[in-house]
Novice: 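Before anything else, here's the structure in question.
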Amino acid sequence: MRSIKMLSMAVAIGLGLGTGALAGVVSTDAAKVAAGSYELDPSHTTVSGRIDHMGFSSTTIRFAKVSGDFTFDPAHAETPRLRITIDTASLSTDWPTRDAELRGAAFFNSAKFPTAQFDADSLTKVDANHAKVNGQLTLLGVTRPVQLDVTLLGAGTGMMGDVRTGFIAHATIKRSDFGMTAYIPAVGDQVELTIDAEFSKKK
């Protein structure tokens with residue numbers, strides 16, 4: 001039985017059905033990321049914010065609908081083009097009553113401001129796979145500078161043979177800077193942001 005299974009696998013690879021076996025990260029060095037334009041894969045991207053609740057606990061807000069793209073050239077890494085757009089109405093804290101309130105006028109006001117957006121301005125290299133990315137975050141119609149602490153998780157080949165890169169980024173903002181002041185200080189002003197994103201190179 002085992003020999004039959006191994007033979008079947010060999011045939012599958014020979015027919016090109018085993019392409020995924022060659023997929024994966026080949027480097028975590030940003031200098032080896034292929035130059036070009038990339039599109040965000042929303043099925044492998046998570047954007048979340050963590051906020052204090054009266055010192056008793058922290059609440060995590062996740063956004064289900066995210067889009068974005070970036071253009072990168074290792075030879076000119078200091079000037080990347082990156083845009084991440086978040087559908088604010090797609091938020092979830094796994095508590096429907098709270099989610100409805102967060103979409104309302106006192107918080108994200110999704111009816112009036114359906115998206116939040118980050119646009120990169122510049123990149124400063126820290127080491128081979130870490131960088132500080134400075135940019136502008138627009139939320140509730142207000143734009144403020146924000147710095148992302150970015151780690152390149154890897155560059156390589158996707159399951160479909162496409163060129164891929166993956167990053168995780170962290171930032172801390174004050175929601176009051178964008179005019180979101182409801183329930184401060186009972187609900188914290190400081191928000192810890194995390195963007196875990198995978199991109200596929202455009203053909």
Side-chain angles (χ1 to χ4, degrees), residues 13 16-50 60-88 90 115-139 142-174 177-178 190-203:
I13 292 172
L17 302 178
T19 304
L22 303 176
V25 171
V26 297
S27 177
T28 57
D29 185 348
K32 296 181 180 179
V33 172
S37 296
Y38 292 76
E39 186 172 13
L40 182 143
D41 178 354
S43 69
H44 292 97
T45 296
T46 302
V47 175
S48 62
R50 192 166 179 265
T60 298
I61 305 171
R62 292 176 297 279
F63 297 88
K65 295 181 180 180
V66 185
S67 60
D69 55 75
F70 83 95
T71 300
F72 182 75
D73 181 354
H76 303 283
E78 70 281 359
T79 55
R81 186 177 71 82
L82 168 67
R83 170 170 288 180
I84 301 291
T85 301
I86 300 164
D87 181 339
T88 59
S90 72
T115 62
Q117 186 169 289
F118 176 82
D119 290 281
D121 294 330
S122 63
L123 179 152
T124 302
K125 179 180 176 180
V126 176
D127 57 36
N129 68 326
H130 293 89
K132 304 291 185 181
V133 175
N134 292 302
Q136 304 294 318
L137 176 63
T138 300
L139 174 65
V142 178
T143 301
R144 294 281 186 268
V146 169
Q147 184 179 79
L148 300 180
D149 185 357
V150 180
T151 300
L152 170 66
L153 299 178
T157 304
M159 292 295 290
M160 302 305 294
D162 54 329
V163 177
R164 291 210 160 221
T165 59
F167 303 87
I168 188 166
H170 300 281
T172 300
I173 66 170
K174 287 186 175 181
D177 288 344
F178 299 88
Q190 184 168 290
V191 183
E192 298 173 8
L193 300 176
T194 300
I195 303 171
D196 202 335
E198 193 169 320
F199 292 82
S200 176
K201 191 172 185 290
K202 297 179 182 179
K203 296 181 180 180

Novice: For F72, enumerate each residue passing the ring-ring contact (aromatic ring centres under 6.0 Å, His included) test, keeping only those at least two apart in sequence or located in another chain.
Specialist: none
Novice: The test is salt bridge (Lys or Arg N to Asp or Glu O under 4.0 Å); show your working for R81 and D69 and say whether it passes.
Specialist: CA-CA 8 Å; R81 186 177 71 82; D69 55 75; 3.1 Å; yes
Novice: Nearest 0.5 Å, please: how far is CD1 in I84 from CG in L148?
Specialist: 8.5 Å
Novice: List the atom pairs, with distances to 0.1 Å, where a side-chain N or O of residues 167-174 and a protein N or O form a donor-acceptor pair under 3.5 Å, not counting sequence neighbours.
Specialist:
residue: H170; atom: ND1; partner: T194; partner atom: OG1; Å: 3.3

Novice: Are the side chains of D177 and V142 in contact, using a 4.5 Å heavy-atom criterion?
Specialist: no
Novice: For residues P145 and Q136, determine if any side-chain heavy atom of one lies less than 4.5 Å from a side-chain heavy atom of the other.
Specialist: yes
Novice: For F178, which residues count as a ring-ring contact (aromatic ring centres under 6.0 Å, His included) partner, sequence neighbours excluded?
Specialist: none
Novice: Excluding sequence neighbours, so at least two apart, what forms side-chain hydrogen bond (donor to acceptor under 3.5 Å, both in side chains) with T151?
Specialist: H130
Novice: If I take atom CZ from residue R144 and atom CG from residue L137, how far apart are they, to the nearest 0.5 angstrom?
Specialist: 10.5 Å
Novice: Measure the CD-OG1 distance between E198 and T46 for me, rounded to the nearest 0.5 Å.
Specialist: 10.5 Å
Novice: Can a donor-acceptor pair be found between the side chains of Q117 and T85 at a distance below 3.5 Å?
Specialist: yes
Novice: Of the non-hydrogen atoms in G156 and V26, which two are nearest, and what is the gap between them?
Specialist: CA-CG2, 3.8 Å
Novice: Which heavy atom of G154 sits nearest to which heavy atom of V25, and what is that distance?
Specialist: CA-CG1, 3.7 Å
Novice: Over all heavy atoms of both residues, which pair between A34 and V163 is shortest? Give the atoms and the distance, please.
Specialist: CB-CG1, 4.2 Å
Novice: Inspect the surroundings of NZ in K201 and state if more than 12 heavy atoms from other residues, nucleotides or ligands are less than 6.0 Å away.
Specialist: yes
Novice: Given side chains that start at C-beta, do those of P42 and V66 come closer than 4.5 Å, heavy atoms only?
Specialist: no
Novice: F118: what forms a ring-ring contact (aromatic ring centres under 6.0 Å, His included) with it, not counting sequence neighbours?
Specialist: none
Novice: For F199 and F70, take the angle between the two ring planes, folded into 0 to 90°, and tell me which bin it lands in: parallel under 30, tilted 30 to 60, perpendicular over 60.
Specialist: perpendicular
Novice: Could you measure the distance from the CZ atom of F63 to the CG atom of D87? Nearest 0.5 Å is fine.
Specialist: 9.5 Å
Novice: Assess whether side chain to side chain contact (heavy atoms under 4.5 Å, CB included) is satisfied between L153 and D196, documenting all intermediate values.
Specialist: CA-CA 10 Å; L153 299 178; D196 202 335; 4.0 Å; yes
Novice: For D149, what residues pass the salt bridge (charged side-chain N to carboxylate O under 4.0 Å, His left out) criterion, not counting sequence neighbours?
Specialist: K132
Novice: Determine whether T60 and S48 make a side-chain contact, defined as any pair of heavy atoms from C-beta on separated by less than 4.5 Å.
Specialist: yes
Novice: Minimum heavy-atom separation for L139 and A116, please, with both atom names.
Specialist: CD1-CB, 3.9 Å
Novice: Looking at every heavy atom in both P74 and A35, which two are closest together, and how far apart are they?
Specialist: CD-CB, 3.9 Å
Novice: For the residue pair G166 and L152, what are the closest heavy atoms and their distance?
Specialist: O-CD1, 3.5 Å
Novice: Measure the spacing between OG1 of T115 and CD1 of I86 and express it to the nearest 0.5 Å.
Specialist: 9.0 Å
Novice: Calculate, to the nearest 0.5 Å, the distance between atoms NZ and CD belonging to K203 and E39 respectively.
Specialist: 12.0 Å
